[in-house]
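Scroll down for the structure; my scribbles are underneath it.
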Amino acid sequence: MTNSINEFQNAECIFVIGSNTTEQHPEIGARIIEAAKKGAKIIVCDARSIRLVKYAAVHIKQRNGTDIALLNGIMNVIIQEDLYDKQFVAERTENFDALKTLVAKYTPEYVSKITGVPADDIIKAARIYATHKKSMIAYAMGITQHICGVDNVKTVANLAMLTGHVGMESTGVNPLRGQNNVQGACDMGGLPNVFTGYQKVTDEPVCQKFEKAWGVTGIPRKVGKTVTDMLAMAHKGELKALYIMGENPMMSDPDTKHVEDALKHLELLIVQDIFPNETTALAHVVLPGCTFAEKDGTFSNTERRVSRVRKAIEPIGESRQDWQIICDLAQRLGYPMKYSSWADILREINELTPSYAGITPERLETGFGIQWPCPNKDHPGTPYLHKGKFTKGLGTFVPCEHIEPNEVPDAEYPLTLTTGRVYWHYHTGSMTRRTNLLERECNQNFVEIHPDTAKSLNVRNGETVIVETRRGSIEIPTKITDEIVPGLIFVPFHFTEAKVNLLTNPAHDPVGKIPEYKVCAARIRKKG
Amino acid sequence: MSTVLTTCPYCGCGCGFYLHTEHNKLVGVTPSQEHPVSRGTLCVKGWNAHEMVHHPERLKYPMIRENGVLRRASWEEALDFTARKLQEIRDKYTTESIGFFTSAKVTNEENYVMMKLARGVFLNSNIDHCARL
């Protein structure tokens, strides 16, 4: 997030696109509702009638996979009606003319044909977002999980820059991270292209700095492979060993059959986790890690706040903290990693990472964490980014064209399948499905279907049906609801009994490598 | 009963809560009143975050697959086996025939050492995690 969670409650307009905020980020959802009750205008763009719709000034139900067209249409209106921030555009951005030229054709009428959204709603949303000073955008996987996920994000950023809604309190572009430490895993260089703090592996002085600190030579200067690439390599026999820590690709990755084949091709699959799951079932070696309650360290939340995780109990059974397991392995590989505690590791991170330099173990002992960038021990941390200037200097408009999803409904597969989560469960369910109260509230999967769609298929509420795509099929009970648009169906991915990722399309964004979970073509058949 | 202030393991909000323990067993969660995100509240997942920790299905010891079945192993044996196999594969093929999936669930410090293992020990940039999923 460019801004902070508490800034939502003081916003005048909140533009929510591709985020079921109250269910997936309940504390942020609560802030948005608070803001709405104080008079903030909420714009919700989602084909499902999520809870925030009750508080919305406009609810836009764009066809899944048409976000670029929608956002370009909104920018078209803002430019046409002269509602953009001319001073901000002139002083802090570049390439405006290219944006203006590209969005010229995305008139509300044209966009309406692509998205299915009435032109008036596009105009209304544009006016509300542009004319309030404190307008925040929140988005989540509904924006990113598309073959054009990167262009979607760029288009969101174009909208914020066009209206000058960046670099101030209660503005900004705010991706809501779905996992407790997905921000931290990225910050720590758990990505193929960067070291800690997004220092590039292609940057020679950076590589030399790490080589010197680590006492090694030969760190590769090239970008490595993504999860998606590595699984494809395993499938082709090019990847021989995979070390997986705290991940369950057999549930979380698209096209499960392909993932299973890929993992079965490996000569060595090491899985380090806290519970047996669909992925440990294929492992050659299983290493038991600890849960958050048995370890010390830090997590970084979606607003870049680095907070302490504190050990409350001793590890269960023979399980060990994950960092200790890795250090024990490194020792056997002839590279001793001699850390006596999490704090030793964080001190090394402080030394090598400018944005984390001032986030020391000592400072984290009191208070509630520090938001990066925090360049030194006296720095208070940074609640919002891009004040006065973008990190890179001028903000560049990158105009993007709408492209159709990789797979659109046709005569054979006439429905659109989209996936996501429910309030009660979390990711692949390995923790929440082992929690009594959460299981009591929601213990089986379902496919959401609009009553019209259900009628045309002659299926009843709760009836077990077969949902099929070109990749697989699952049996699953229906949940008939008018909170979804006709023709669209929704299935959460938490449930091993009906794995929706057997159905999803592995087609992915060429740059971000993110799979298109949010759109694929599907059909429903009655059982028997 | 003792209490420890820590950070929720579920979504990216990063709420602060207290874990309550009795005889090395977690017995409950209460939100931090002053924490800037949780402000005395939690969602239902947070309120119940302690429960899965003691679930009987926790992985409690290392395992190695033998004749198609995972069998119990000691840490020494499992770590020796893992290190030896990784070295064999690196030597037989290339280091790039090895991949590392780090995790959005573990701590920053753990992600850092996994990254160091891949880049510093294996001289290999094939490291990623499920940020996209």
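Just so it is clear, the values below take in all heavy atoms, side chains as well, and ignore hydrogens, waters and symmetry mates.
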Does any backbone or side-chain atom of [X] lie under 4.5 Å from a heavy atom of chain B? Answer side chain, backbone, both or neither.
X: A/Arg433; value: neither
X: A/Tyr517; value: side chain
X: A/Ala343; value: neither
X: A/Thr217; value: backbone
X: A/Tyr423; value: both

Taking the side chain from [X] and the backbone from [Y], do they hold a donor-acceptor pair closer than 3.5 Å?
X: B/Glu109; Y: A/Gly297; result: no
X: B/Ser125; Y: A/Lys222; result: yes
X: B/Arg65; Y: A/Ala283; result: yes

From B/Leu59 atom CG to A/Ile316 atom CD1, the distance as rounded to the nearest 0.5 Å: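 The distance works out to 12.0 Å.
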Quick test of your reading of the model: are [X] and [Y] salt-bridged, counting only N-O distances below 4.0 Å?
X: A/Glu348; Y: B/Lys116; result: yes
X: B/Asp80; Y: A/Arg332; result: yes
X: A/Lys295; Y: B/Glu110; result: yes
X: A/Arg434; Y: B/Glu51; result: no

I need the residue from B/Glu96, B/His50, B/Arg84 with the largest number of non-hydrogen atom pairs under 4.5 Å to chain A.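 Looking at each of B/Glu96, B/His50, B/Arg84 in turn, B/Glu96 comes out on top.
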Option in B/Thr95, B/Asn124, B/Val113, B/Leu86 with maximal non-hydrogen atom pairs under 4.5 Å from chain A: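 Sorted descending by pairs with chain A, the first entry is B/Val113.
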Taking only distance into account, with no hydrogens and no angle test, what donor-acceptor pairs under 3.5 Å do side-chain atoms of residues 12-27 of chain B form with protein atoms, sequence neighbours excluded?
residue, atom, partner, partner atom, Å
B/His20, NE2, B/Thr30, OG1, 2.8
B/Thr21, OG1, B/Ser2, OG, 2.8
B/Asn24, OD1, A/Glu314, N, 2.7

Are [X] and [Y] close enough that a side-chain donor and a side-chain acceptor fall under 3.5 Å?
X: A/Asn181; Y: B/Lys105; value: no
X: B/Ser38; Y: A/Glu27; value: no
X: B/Asn108; Y: A/Thr298; value: yes
X: A/Gln24; Y: B/Tyr10; value: no

Contacting moiety of B/Ser32, where chain A heavy atoms sit under 4.5 Å: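 It is the side chain, since no backbone atom gets that close.
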